[in-house]
Novice: 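Input: one structure, supplied below.
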Number of protein chains: 2
Amino acid sequence: MFKKRKIDLKYCEYDLTTMEDTRGGFLLPQEETEQKNEQEQVQLVEQGLKCQHCESIDIDVNIYKYYKEQVCLNCKKEKPELYSLLTKTECRQDYLLTESELRDQKKLPVWIKPNPHKSTYSNMLLYLRKQVEQFAFNKYGSEEMLDKEFEKKEKIKEERKVKKHKKQMNELRKKTRTTLWNSRQLEEEHKHDYQQDGDILKCSCGLSVEYEEF
Amino acid sequence: MFKKRKIDLKYCEYDLTTMEDTRGGFLLPQEETEQKNEQEQVQLVEQGLKCQHCESIDIDVNIYKYYKEQVCLNCKKEKPELYSLLTKTECRQDYLLTESELRDQKKLPVWIKPNPHKSTYSNMLLYLRKQVEQFAFNKYGSEEMLDKEFEKKEKIKEERKVKKHKKQMNELRKKTRTTLWNSRQLEEEHKHDYQQDGDILKCSCGLSVEYEEF
DNA sequence: GCTCTTGAAGATCAC
DNA sequence: GTGATCTACAAGAGC
Ligand SMILES: [Zn+2]
Ligand SMILES: [Zn+2]
């Protein structure tokens with residue numbers, strides 16, 4: 001019915017560590033990054049870090065660097081339900097997290113990247129599904145509770161649309177009615193039925209005038 | 001469970017027409033009003049207005065004057081589910097009408113009276129239950145739909161309370177945790193893990209500093 | 001009892 | 001994809 005929390009690998013970065021390239025000399029910015037990643041990879045191996053699922057030492061540099069999760073490249077690919085990345089907007093929409101929860105890096109680590117749509121747009125904020133789910137399930141009590149909330153919000157959203165439509169229809173009808181009413185005013189004069197409200201006199205026709213004490 | 005749309009005669013004005021008094025001369029403000037009402041009552045009789053329920057000519061002056069409903073004093077008392085008056089606040093709470101709907105006198109006639117709680121407070125706005133119900137039932141589709149909406153809002157209100165409580169508990173826990181964390185900082189220095197976001201460098205500890213290009 | 005202020009939440013749109 | 005802006009709505013304090 002609706003695309004809810006679908007696992008999507010759009011923003012899982014290309015696996016840089018499989019690329020073959022070790023030449024020195026001048027490097028383009030991206031190549032610099034690759035080299036840096038490679039260095040960090042070596043460091044992680046030297047630290048003796050192992051994947052929490054399969055004990056491989058082929059730790060994913062970025063997942064460890066930004067989210068402090070030890071997982072190998074293989075397990076990362078095998079378990080997108082844990083290690084795929086979500087944009088901030090997706091976190092809001094799919095996991096019903098708020099702006100302030102997402103803003104606080106102490107609650108949820110974030111990987112800040114240039115916006116892929118246009119480089120001049122605001123940076124893209126990426127979160128790790130595993131951490132987002134843990135946070136959201138805890139916030140709503142359980143996955144089932146989150147699902148309930150989600151469906152409820154969908155309903156509300158739909159109702160709002162219907163309501164808005166209905167209101168617009170009424171506005172329109174009112175306008176035509178008002179036009180008719182105005183033309184009738186030309187024939188029979190309207191008698192104002194003022195009521196005092198503070199310093200204002202109000203008529204049911206909508207007119208209100210200031211009240212002067214004598 | 002909750003006091004919903006209970007019929008309440010708090011603001012049904014005292015029945016002025018049964019009071020015996022016809023003396024002339026100087027009148028106190030309230031007595032003036034009574035006399036005026038009496039004159040208007042006579043006028044209504046002369047116009048040949050009759051109660052829409054029992055054909056009596058003993059029309060309630062104020063109900064006719066402010067709400068344009070022809071009803072006798074007796075029927076008014078007999079049918080509080082139609083002719084009792086509601087304050088604006090009650091209309092909002094019991095019939096889920098909005099500020100803007102209630103403000104517009106063309107939608108719902110209103111009788112403006114001094115505030116009974118304190119004369120310096122804002123005027124009290126009284127609406128006729130019959131008209132309010134018609135408007136609200138129409139707005140929500142039916143009385144049953146309105147009831148549904150009402151219960152839904154009650155639930156939401158309750159949930160908000162729970163949520164607020166839970167949040168406050170979390171805030172408290174966080175504070176104690178932060179205090180512990182801060183004391184640990186005295187022992188082992190925190191290494192900032194800055195990420196660039198626009199012209200700002202942000203660390204996951206919350207610190208952010210401006211970025212200077214070199 | 002009413003209104004004003006404040007705040008969280010949804011929808012839109014330019015970047 | 002994001003953040004700023006606008007809107008409607010709810011809760012609280014003061015009048
Ligand atoms: Zn592994
Ligand atoms: Zn009658």
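Predicted, not measured: the structure shown is a model, and the values here were computed from it. Each chain gets a letter, A, B and so on, in the order the sequences are listed, and its residues count up from 1. Side chains are part of it too, since the values below use all heavy atoms of this structure and drop only hydrogens, waters and symmetry mates.
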Novice: Within the supplied structure, the quantity of interest is the number of heavy atoms (other residues, nucleotides, ligands) at a distance under 6.0 Å from K68(A) NZ; does it exceed 12?
Specialist: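 It does: K68(A) NZ has more than 12 such atoms within range.
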Novice: With rounding to the nearest 0.5 Å, note down the distance linking SG in C91(A) to CG in L102(A).
Specialist: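 So the gap between those two atoms works out to 5.0 Å.
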Novice: Toward the 5' end of DNA chain D, which comes first, N115(A) or K164(B), by nearest nucleotide?
Specialist: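 Nearest-nucleotide comparison on DNA chain D picks N115(A).
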Novice: Is there a side-chain contact between L125(A) and T87(A) (heavy atoms, below 4.5 Å)?
Specialist: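 Not touching, per the 4.5 Å side-chain cut-off.
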Novice: So what does L125(B) hit on the nucleic acid, given a heavy-atom distance under 4.0 Å: a base, only sugar-phosphate, or nothing?
Specialist: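 Answer is sugar-phosphate: L125(B) comes under 4.0 Å of backbone atoms only.
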Novice: Go through the structure and list residues passing side-chain contact (heavy atoms from CB on, under 4.5 Å) with K163(B), not counting sequence neighbours.
Specialist: none
Novice: Applying a 4.0 Å non-hydrogen cut-off, can you work out what R92(A) is touching in the nucleic acid: base, sugar-phosphate, or nothing?
Specialist: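 No contact at all - R92(A) keeps every heavy atom at 4.0 Å or more from the nucleic acid.
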Novice: For the residue pair N74(B) and D58(B), establish whether any side-chain heavy-atom pair is separated by less than 4.5 Å.
Specialist: no
Novice: Name all residues meeting the side-chain contact (heavy atoms from CB on, under 4.5 Å) criterion together with L82(A); count only those two or more places apart in sequence or in a different chain, and write none if there are none.
Specialist: H53(A), K79(A), K130(A)
Novice: Before you tell me yes or no, could you show the steps for I7(B) and R129(B) under side-chain contact (heavy atoms from CB on, under 4.5 Å), namely the whole-Å CA-CA distance, both residues' side-chain angles and the distance that decides it to 0.1 Å?
Specialist: CA-CA 9 Å; I7(B) 279 107; R129(B) 187 180 298 275; 3.7 Å; yes
Novice: Students should find this one: the first and last nucleotides of DNA chain D, 5' to 3', lying under 4.0 Å from a heavy atom of chain A. What are they?
Specialist: dG1(D) to dC9(D)
Novice: Hydrogens and angles aside, do Y67(B) and Q131(B) bring a side-chain donor and acceptor to less than 3.5 Å of each other?
Specialist: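 Q131(B) and Y67(B) do not have a side-chain donor-acceptor pair below 3.5 Å.
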Novice: So which of residues 117-124 of chain B are in contact with DNA chain C, with a heavy-atom cut-off of under 4.0 Å?
Specialist: H117(B), Y121(B), S122(B), N123(B), M124(B)
Novice: With E101(A), which residues qualify under side chain to side chain donor-acceptor pair (under 3.5 Å), at least two apart?
Specialist: T98(A), K139(A)
Novice: Nearest whole angstrom, please: distance from the P of dT3(C) to the CD of E99(B).
Specialist: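 Roughly 6 Å, once rounded to whole Å.
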Novice: About how many Å separate CG of D60(A) and CD of Q41(A), when rounded to the nearest 0.5 Å?
Specialist: 8.0 Å
Novice: Each nucleotide N or O in nucleotides 6-10 of chain C that has a protein N or O under 3.5 Å away: list the pair and distance.
Specialist:
residue, atom, partner, partner atom, Å
dA9(C), OP1, K163(B), NZ, 3.4
dG10(C), OP1, K153(A), NZ, 2.7

Novice: Would you classify K161(B) as touching base, sugar-phosphate or nothing, given that sugar-phosphate means primed atoms plus P, OP1 and OP2, and contacts are heavy atoms under 4.0 Å?
Specialist: nothing
Novice: Find the distance L102(B):CG to dG1(C):P and express it as a whole number of Å.
Specialist: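 Distance, rounded to whole Å: 14 Å.
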Novice: Does some side-chain heavy atom of M124(B) sit less than 4.5 Å from a side-chain heavy atom of W111(B)?
Specialist: no
